[in-house]
Colleague: 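This is the structure I have questions about; it appears just below.
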Protein chains: 2
Amino acid sequence: MRNWIASYVFRVSDHLVLRGQVCFALYAASRALTDVYRPILDEFGLTYPQYLVLLVLWERGDDPPTVSELGAALRLDSGTLSPLLKRLAAAGLVVRTRSVLDERRVEVGLTADGAALRQRMTDVPLRVACSTGLDEAELVALRDTLTRVTETIHRQKEQ
Amino acid sequence: MRNWIASYVFRVSDHLVLRGQVCFALYAASRALTDVYRPILDEFGLTYPQYLVLLVLWERGDDPPTVSELGAALRLDSGTLSPLLKRLAAAGLVVRTRSVLDERRVEVGLTADGAALRQRMTDVPLRVACSTGLDEAELVALRDTLTRVTETIHRQKEQ
DNA sequence: CGCAATCCAATTGCGCACAACTTATCTGGC
DNA sequence: GCCAGATAAGTTGTGCGCAATTGGATTGCG
């Protein structure tokens with residue numbers, strides 16, 4: 001058990017073991033954290049990706065992003081966002097308006113209800129962070145490592 | 001509510017900021033890594049969850065797991081696994097057989113093709129690990145932190 | 001100006017994830 | 001042996017996530 005920690009690459013390339021791979025750890029942790037969010041977001045009638053969209057809109061304030069800009073922030077394409085935004089609009093949280101200057105673009109703005117939701121959800125990240133069992137330093141380190149991995153991968157793709 | 005958590009959440013800027021949250025970093029990194037797998041697994045006609053199922057089957061060797069046991073290893077339920085296993089069976093990589101001792105159970109075994117695939121895929125984890133840009137120590141630390149988070153969350157759920 | 005190339009959002013199709021439910025089988029208490 | 005409850009796998013329905021395509025708007029180049 002010890003010497004396999006000492007040699008991640010060698011062991012894995014030799015034996016293809018599930019528990020030894022970062023990829024599975026990442027996949028499992030991501031779904032586990034979504035499980036923590038689900039009952040909390042259910043109180044607000046939201047799914048996790050819908051909540052992420054609202055995070056971006058709250059952050060943007062008076063400057064409603066286009067579907068593309070939302071996609072760039074969340075790394076999601078129109079195939080995912082179009083129906084998701086339709087559901088947020090049907091819930092009365094969001095309005096979609098064709099840009100006057102460029103009719104290809106659709107601007108995604110908050111309704112009063114959508115904007116008001118922000119105040120009611122301020123403690124959500126706190127509740128989720130607690131469930132990880134990590135302390136502050138570990139949370140920050142984890143976030144920064146993951147962000148670095150994501151950016152490394154995306155940089156490679158652009159070339 | 002502990003104070004250290006509050007300082008984690010509010011470190012980067014105010015409330016509810018996308019880039020400041022571990023949850024988004026995890027979600028983004030998981031999808032980014034799946035993006036790395038996609039073209040590689042395409043060569044073998046597999047999706048990422050199908051590859052994970054094969055990892056478990058290869059690891060088990062002569063002892064074919066039931067659908068439930070597969071589900072416990074991957075944290076997936078029959079609603080996900082049943083159709084996935086059907087597709088693996090249609091691809092000729094897997095056979096599903098009702099247990100003789102307990103006819104509720106379905107044992108998932110490898111075909112010759114499914115078993116042979118292991119040899120052809122030994123270098124897959126290496127190719128993916130390289131794309132993260134992390135060194136060996138970082139990979140091991142990341143994997144262990146994520147595994148700890150996942151287990152903490154699951155322990156909380158069982159209570 | 002003309003029009004091909006580009007861009008943007010939406011749509012289609014497929015494969016997860018997961019909740020809720022159904023069907024078949026098994027177990028324990030009597 | 002009988003049956004209530006538990007268990008296993010499958011099915012249905014919803015919502016992502018992403019590739020590929022479509023249709024309308026815009027840009028740029030000659």
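Values below: every heavy atom of this structure, side chains too, minus hydrogens, waters and symmetry copies. First the proteins, then the strands, lettered A, B, ... as listed; each starts at 1.
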Colleague: Provide, to the nearest angstrom, the distance between the CD atom belonging to A/Glu103 and the C1' atom belonging to C/dA9.
Modeller: 13 Å

Colleague: State which of C/dA10, D/dA19, C/dC8 makes the closest approach to the side chain of B/Arg38.
Modeller: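 Looking only at heavy atoms from C-beta outward on B/Arg38, the closest nucleotide is D/dA19.
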
Colleague: So B/Leu26 and B/Leu146, do their side chains get closer than 4.5 Å, heavy atoms only?
Modeller: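 A side-chain contact under 4.5 Å exists here.
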
Colleague: Could you check how far CZ of B/Phe24 sits from P of D/dG17, rounded to whole Å?
Modeller: 11 Å

Colleague: Examine D/dC16: is either OP1 or OP2 under 4.0 Å from a nitrogen or oxygen in the side chain of A/Arg87? Give yes or no.
Modeller: yes

Colleague: Roughly, in whole Å, what's the span from CZ in A/Arg98 to C1' in D/dA25?
Modeller: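 From A/Arg98 CZ to D/dA25 C1': 9 Å.
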
Colleague: For A/Tyr27 and B/Tyr48, take the angle between the two ring planes, folded into 0 to 90°, and tell me which bin it lands in: parallel under 30, tilted 30 to 60, perpendicular over 60.
Modeller: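 Rings of A/Tyr27 and B/Tyr48: perpendicular, over 60°.
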
Colleague: Would you say that A/Val149 contacts A/Val22 through its side chain, given a criterion of any heavy-atom pair below 4.5 Å between the two side chains?
Modeller: no

Colleague: Determine the contact category for B/Thr34: base if any of its heavy atoms lies under 4.0 Å from a base atom, sugar-phosphate if only primed atoms, P, OP1 or OP2 are that close, otherwise nothing.
Modeller: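 Counting heavy atoms under 4.0 Å across all strands, no contact is made by B/Thr34.
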
Colleague: Side chain of A/Ser82, base of C/dA9: donor and acceptor closer than 3.5 Å?
Modeller: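 Side chain to base: no pair present.
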
Colleague: Are OP1 or OP2 of C/dC14 and a side-chain N or O of B/Lys86 less than 4.0 angstrom apart?
Modeller: no

Colleague: OP1, OP2 of C/dC16 versus side-chain N and O of A/Arg31: anything below 4.0 Å?
Modeller: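 No, because none of the side-chain N or O atoms of A/Arg31 sits under 4.0 Å from OP1 or OP2 of C/dC16.
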
Colleague: Give the intermediate values and the outcome of side chain to side chain contact (heavy atoms under 4.5 Å, CB included) for residues A/Thr66 and A/Val106.
Modeller: CA-CA 5 Å; A/Thr66 64; A/Val106 167; over 6 Å; no

Colleague: Between the base of D/dT7 and the side chain of B/Arg104, is there a donor and acceptor pair under 3.5 angstrom?
Modeller: yes

Colleague: What is the distance, to the nearest angstrom, from the OH atom on A/Tyr37 to the C1' atom on D/dC16?
Modeller: 17 Å

Colleague: Grab the CG-P distance between B/Leu74 and C/dA17 for me, whole Å please.
Modeller: 10 Å

Colleague: Taking the side chain of A/Val106 as heavy atoms from C-beta outward, which of D/dG10, C/dA10, C/dC18 is closest to it?
Modeller: C/dA10

Colleague: May I ask you to decide whether A/Glu151 forms a salt bridge with A/Arg75, counting only side-chain N to carboxylate O separations under 4.0 Å?
Modeller: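 Salt bridge flag = no for A/Arg75 with A/Glu151.
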
Colleague: Rounded to whole Å, how long is the line connecting atom CG of B/Leu41 with atom P of C/dG15?
Modeller: 15 Å

Colleague: OP1 or OP2 of D/dG17 versus the side-chain N and O atoms of B/Tyr48: is any pair under 4.0 Å?
Modeller: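 Indeed not, no polar side-chain atom of B/Tyr48 lies that close.
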
Colleague: Picking from C/dA19, D/dC18, D/dG10, which would you name as closest to the side chain of B/Asp77?
Modeller: C/dA19

Colleague: Looking only at the side chain of A/Gln50 (C-beta and beyond, no hydrogens), which of the listed nucleotides D/dG15, C/dT11, D/dA25 gets closest?
Modeller: D/dG15

Colleague: What is the distance, to the nearest angstrom, from the CG atom on B/Leu85 to the P atom on C/dA17?
Modeller: 13 Å

Colleague: Is A/Leu84 touching bases, backbone alone, or none of the nucleic acid, heavy atoms closer than 4.0 Å?
Modeller: sugar-phosphate

Colleague: Toward the 5' end of DNA chain C, which comes first, A/Gly79 or A/Ala32, by nearest nucleotide?
Modeller: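 Mapping each residue to its closest nucleotide by heavy atoms, the 5'-most match is A/Gly79.
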
Colleague: Can you tell whether the side chains of B/Arg148 and A/Glu138 come within less than 4.0 Å, N to carboxylate O?
Modeller: yes

Colleague: Would you say a side-chain N or O of B/Thr47 is under 4.0 Å from OP1 or OP2 of C/dC16?
Modeller: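 True: B/Thr47 side-chain N/O within range (under 4.0 Å) of C/dC16 OP1/OP2.
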
Colleague: Check this one for me: any side-chain N or O of A/Arg75 less than 4.0 Å away from OP1 or OP2 of D/dG17?
Modeller: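 False: A/Arg75 side-chain N/O out of range (4.0 Å or more) of D/dG17 OP1/OP2.
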
Colleague: Please figure out whether A/Leu81 or B/Pro83 has its closest DNA chain C nucleotide nearer the 5' end.
Modeller: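 Counting from the 5' end, the first nearest nucleotide belongs to A/Leu81.
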
Colleague: Check every atom of D/dA25, C/dA10, D/dC18 against the side chain of A/Leu76 and return the nucleotide holding the closest atom.
Modeller: D/dC18

Colleague: Does D/dT26 have its OP1 or OP2 closer than 4.0 Å to a side-chain nitrogen or oxygen of A/Arg105?
Modeller: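 False: A/Arg105 side-chain N/O out of range (4.0 Å or more) of D/dT26 OP1/OP2.
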
Colleague: Let's see if you can work this out: which of D/dC16, C/dA9, D/dA9 has an atom nearest to the side-chain heavy atoms of A/Pro49?
Modeller: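 Of all the options, the side chain of A/Pro49 is nearest to D/dC16.
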
Colleague: Once you measure the plane-to-plane angle for A/Trp58 and A/Tyr51, does it fall in the parallel (<30°), tilted (30-60°) or perpendicular (>60°) bin?
Modeller: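 If you compare the ring of A/Trp58 with that of A/Tyr51, the planes turn out perpendicular.
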
Colleague: Considering just the side-chain nitrogens and oxygens of B/Thr80, establish if one lies under 4.0 Å of OP1 or OP2 belonging to C/dA17.
Modeller: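 Checking B/Thr80 against C/dA17: no side-chain N or O falls below 4.0 Å of OP1 or OP2.
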
Colleague: Any base atoms under 4.0 Å from B/Leu101, or only sugar-phosphate, or nothing? Heavy atoms, all strands.
Modeller: sugar-phosphate

Colleague: Figure out the CG/P separation between B/Leu46 and C/dC14, and round it to whole Å.
Modeller: 19 Å

